[in-house]
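Heavy-atom basis, side chains included; hydrogens, waters and symmetry copies ignored. When a residue number appears, it is its place in the shown sequence, counting from 1.
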Amino acid sequence: MQQRITLADIADQASVSTATVSRVLNGKTNVAEATRRQVLVALDLLGYERPETLHQASRGLVGLIVPELSNPIFPLYAQEIEQLLAPSGHTPLLCTQTPGGTSEDEYIEMLVDRGVAGIIFVSGRHSDTGGDVTRYQRLRERGVPLVTINGNAPTIKAPGFTTDDRTAAHMAVDHLVSLGHRRIGLAIGPTRYVPAERKRAGYEDGMRSALPGEPLRVVETLYTYEGGAAAARSLIAQECTGIVCGSDIMALGVIQGARSMGRSVPQDVSVIGYDDSPMIPMTNPPLTTVRQPVAAISRAAVQTLLAAIGGEEQPDAEMFFTSDLIVRGSTAPAPSAASPLPGA
């Protein structure tokens, strides 16, 4: 027989009093929104069906267009954005793009036909320097507010929110240099996309600053596991002992590619990823990576979109967010280096 969930169970899970739980369940308004959310999360975690009085009428749909969900950073963005939209009463409509599937333009038309209040684009065509950006201008002419996440092409006129990819890649190079590495390579996606272009620029900045005269070793490939494995074979053939990657998925491919060549990570080759999605600390070895500030970027994007939906003018500019380098077990001193380079 299934055990009945009590107010005390919900209160314990939410770290609030049973009186607070009772007020939330009865739809009382004298509860802070953050506390109300804690109780709702507790209900969901315990499998308690929300009373009908808690069902919030939608104030409108918000389109959320993301790339394929095989890269765990994109589900992380989708989850964060959904949670941020919920208190405003807006319902996200998730649109995922897969190769050969529904295109971004097709999703845009579908969303407009359904009368969405606004659209959030995550790592979409807005970052393609060779793409047609008029689709975004047409959206705005039709009165549909939009914001972008992860890099705007120079011709895009829309509020954008992104990790400072250039500084992040420079930071990754500096970390490897501090460990005594000199032959440092970069495995990156197509540089017609703004994030890849900025990461490559940051890698080049870091190399020229710390290791002037050292050759730049760059492999441009796909942001995939297979792309990373292929990049590893090329970069290790160029005697790289440290490799900076454009994504965590690519970094996992690099590690496998190194192992297929008889190299150990990090004893022979140090590898740095990019994103830091939730499962990455559990890899073997745990991956050193650049952490995207997903929560901060999502919060700024949602707040800006909701303000635009409310009729407020928003600046057509990008906001850059600082990332953190999370050092774990996939980086170590260079094989031939007894100590870091002087001054590193």
### Query
Distance from D164 atom CG to R198 atom CZ, nearest 0.5 Å?
8.0 Å

### Query
Do T241 and D268 have side-chain heavy atoms sitting under 4.5 Å apart?
no

### Query
Are the side chain of S88 and the backbone N or O of L85 linked by a donor-acceptor pair below 3.5 Å?
yes

### Message
Regarding Q292 and T163, do their side chains bring together a donor and an acceptor under 3.5 Å, going by distance alone?
### Response
yes

#### Entry: Y203 backbone acceptor or donor facing H170 side chain under 3.5 Å
no

### Query
Is there a donor-acceptor contact under 3.5 Å linking the side chains of H175 and T331?
yes

### Task
Dump the intermediate steps for side chain to side chain contact (heavy atoms under 4.5 Å, CB included) on F74 and V122, then the final yes or no.
CA-CA 8 Å; F74 298 129; V122 181; 4.1 Å; yes

#### Entry: From CG (L287) to CG (D276), nearest 0.5 Å
8.0 Å

### Message
Same cluster or not: I272 versus V269, using hydrophobic residues (I, L, V, M, F, W, Y) connected whenever any side-chain heavy atoms lie under 4.5 Å apart?
### Response
no

### Query
Which heavy atom of V147 sits nearest a heavy atom of A301, and at what distance?
CG2-O, 3.8 Å

### Beyond-backbone contact of T96 with P67, side-chain heavy atoms, under 4.5 angstrom
no

### Task
Identify whether NZ of Lys or CZ of Arg in K157 sits under 6.0 Å from the centre of the six-membered ring of Y136 and within 45° of that ring's axis.
no

### Query
R183 and E214: which non-hydrogen atoms are nearest, and at how many Å?
CG-OE2, 3.7 Å

### Message
Please find the pair of heavy atoms, one from R217 and one from R182, that lie closest to each other, and give the distance.
### Response
NH1-O, 4.4 Å

### Task
Determine whether more than 12 heavy atoms belonging to other residues, nucleotides or ligands lie under 6.0 Å from atom CD of E313.
no

### Task
Look only at the side chain of T20 and the backbone of V16, and say whether a donor-acceptor pair between them is shorter than 3.5 Å.
no

### D248, D275, D324 screened by side-chain hydrogen bond (donor to acceptor under 3.5 Å, both in side chains) with T289, the one that passes
D248

### Query
Between K199 and D165, is there a donor-acceptor pair closer than 3.5 Å when you use the side chain of the first and the backbone of the second?
no

### Task
Please test D316 against R140 for salt bridge (charged side-chain N to carboxylate O under 4.0 Å, His left out), starting from the C-alpha separation and ending with a verdict.
CA-CA 12 Å; D316 294 334; R140 302 187 73 175; 2.8 Å; yes

## Note on the structure
For I326 and R291 the tightest heavy-atom approach is CD1-CZ, 3.7 Å

### Task
Compare all side-chain heavy atoms of S264 with those of R259 and state whether any distance is below 4.5 angstrom.
no

### Verify same cluster id: Y77, L306 (apolar side-chain graph, 4.5 Å)
yes

#### Entry: Non-hydrogen side-chain atoms of V66 and Q97 separated by less than 4.5 Å
no

### Summary
Residues G189 and E220: closest non-hydrogen pair is O-CG, 3.4 Å

### Task
Answer whether the closest heavy-atom distance between the side chains of T148 and P159 falls below 4.5 Å.
no

### Message
Quick one, E226 with R233, criterion salt bridge (charged side-chain N to carboxylate O under 4.0 Å, His left out). Give me CA distance, side-chain angles, the key distance, then yes/no.
### Response
CA-CA 11 Å; E226 294 77 13; R233 289 188 285 272; over 6 Å; no

### Query
Does a salt bridge link R263 with E239, judged by any charged N lying under 4.0 Å from a carboxylate O?
no

### Query
Looking at F121 and L139, what are the two nearest heavy atoms and their distance?
CZ-CD1, 3.8 Å

### Task
Using a 4.5 Å cut-off on heavy atoms from C-beta on, say whether the side chain of I73 contacts that of V294.
yes

## Note on the structure
CG of L216 to CZ of R208, rounded to nearest 0.5 Å, is 5.5 Å

### Message
So, taking the atom named CG in L94 and the one named CD in Q79, what distance separates them when rounded to the nearest 0.5 Å?
### Response
11.5 Å

### Task
Starting from the C-alpha separation in whole Å, work towards a yes-or-no answer on side chain to side chain contact (heavy atoms under 4.5 Å, CB included) for I243 and I184.
CA-CA 6 Å; I243 300 176; I184 299 170; over 6 Å; no

### Verdict with supporting geometry, R135 and D105, side chain to side chain contact (heavy atoms under 4.5 Å, CB included)
CA-CA 8 Å; R135 57 175 63 90; D105 285 336; 2.5 Å; yes

#### Entry: Verdict with supporting geometry, I149 and S123, side chain to side chain contact (heavy atoms under 4.5 Å, CB included)
CA-CA 6 Å; I149 290 176; S123 296; 5.8 Å; no

### Query
Are L186 and I255 co-members of a hydrophobic cluster defined by side-chain heavy atoms under 4.5 Å apart?
no

### Message
Would the distance check show the side chain of N152 and the main-chain N or O of S127 forming a donor-acceptor pair, the cut-off being under 3.5 Å?
### Response
no

### Task
For atom CZ of R114, decide whether the heavy atoms of other residues, nucleotides or ligands shown that lie under 6.0 angstrom number more than 12.
no

### Message
Quick check: is F161 connected to I309 through a chain of hydrophobic side chains (ILVMFWY, heavy atoms under 4.5 Å apart)?
### Response
yes

### Message
With rounding to the nearest 0.5 angstrom, report the CE to OH distance, M250 to Y225.
### Response
13.5 Å

#### Entry: Check: S330 side chain, P266 main-chain N or O, donor-acceptor pair, under 3.5 Å
no

### Query
Side chains of T102 and M110: does their closest heavy-atom pair fall under 4.5 Å?
no

### Message
I'd like to know if the side chain of T98 pairs up with that of E68 as donor and acceptor (distance under 3.5 Å, no hydrogens or angles considered).
### Response
no

### Message
Return the CG to NE2 distance between L64 and H90, rounded to the nearest 0.5 Å.
### Response
14.0 Å

### Task
Would you kindly say whether T134 and D132 are connected by a side-chain donor-acceptor distance under 3.5 Å?
yes

### Message
Tell me if a side-chain donor or acceptor on Q83 pairs with a main-chain N or O of E80 at a distance below 3.5 Å.
### Response
no

### Task
Answer yes if L211 and V244 sit in the same cluster of Ile, Leu, Val, Met, Phe, Trp and Tyr residues linked by side chain heavy atoms under 4.5 Å apart, and no otherwise.
yes

### Message
Do I297 and T162 make a side-chain contact, defined as non-hydrogen atoms from C-beta onward lying under 4.5 Å apart?
### Response
no

